[in-house]
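Note sheet for the following structure.
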Amino acid sequence: PLVIIKDFKFIPQEITIQRGQTITWENREKRQYHSVWFEALGEEEPEYFFPDESFEREFKQAGTFPYRCGPHPEMTGTVIVID
């Protein structure tokens, strides 16, 4: 599954996947870097990625996982993982 980052939004903002799937976030901005930070899980913020770069994460447990962009906290998204 793919989440596009454009115009300071995660598209789609909420995505539902099966347990074990990997999501790719693709930065399609013109000049802006972003991060995909699962802060609520107590994780460190990952490195920023720039236009035409991507970030991947595999989801091994079912649940609802909110995330945000580190540099732009108004950008939020949710991953819902089902069995």
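Position 1 is the first residue of the sequence; numbering continues from there. Predicted, not measured: the structure shown is a model, and the values here were computed from it.
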What distance separates E53 CD from R28 CZ, expressed to the nearest 0.5 Å?
14.0 Å

For D52, the salt bridge (Lys or Arg N to Asp or Glu O under 4.0 Å) test, sequence neighbours excluded, returns none

Spacing of CG belonging to L2 relative to OG1 belonging to T22, to within rounding of 0.5 Å
12.5 Å

I'd like to check H34 versus F8 (side-chain heavy atoms, cut-off strictly below 4.5 Å). Are they in contact?
yes

What pair of heavy atoms forms the shortest contact from P12 to V3, and how long is it?
O-CG1, 3.9 Å

Quick one: list whatever passes side-chain hydrogen bond (donor to acceptor under 3.5 Å, both in side chains) with E45, sequence neighbours left out.
S35

S54: side-chain hydrogen bond (donor to acceptor under 3.5 Å, both in side chains) partners, not counting sequence neighbours
none

Nearest non-hydrogen partners of V81 and R19, listed with the distance:
CG1-CA, 3.4 Å

Taking atom CD1 of I80 and atom CD of E14, what is their separation to the nearest 0.5 Å?
3.5 Å

Please name all residues satisfying ring-ring contact (aromatic ring centres under 6.0 Å, His included) with F50, sequence neighbours left out, ordered by chain then number.
Y33

Nearest-0.5 Å distance that lies between atom OG1 in T78 and atom CD1 in I15
11.0 Å

Would you tabulate the side-chain donor-acceptor contacts of residues 36-44 under 3.5 Å, counting partners in other chains and residues two or more places apart, or write 'none'?
from, atom 1, to, atom 2, distance (Å)
W37, NE1, E43, O, 2.8
E39, OE1, R68, NE, 2.7
E39, OE1, R68, NH2, 3.4
E43, OE1, R57, NH1, 2.9
E43, OE2, R57, NH1, 3.4
E43, OE2, R57, NH2, 3.0

Enclosure of E74 CD (heavy-atom neighbours >12, cutoff 6.0 Å):
yes

Looking at CD1 of I23 and CZ of F65, how far apart are the two atoms once the value is rounded to the nearest 0.5 Å?
10.0 Å

State, to 0.1 Å, how close D83 and A62 come at their nearest heavy-atom pair, and which atoms those are.
OD2-CB, 4.0 Å

Not counting sequence neighbours, which residues clear side-chain hydrogen bond (donor to acceptor under 3.5 Å, both in side chains) with Q13? List them please.
T76

D7 (side chain) donor-acceptor with K9 (main chain) under 3.5 angstrom:
no

I4 side, atom CD1; F10 side, atom CZ - distance, nearest 0.5 Å:
12.0 Å

Are W25 and Y48 connected into the same hydrophobic cluster when the rule is that any two of I, L, V, M, F, W, Y join if their side-chain heavy atoms are below 4.5 Å apart?
no

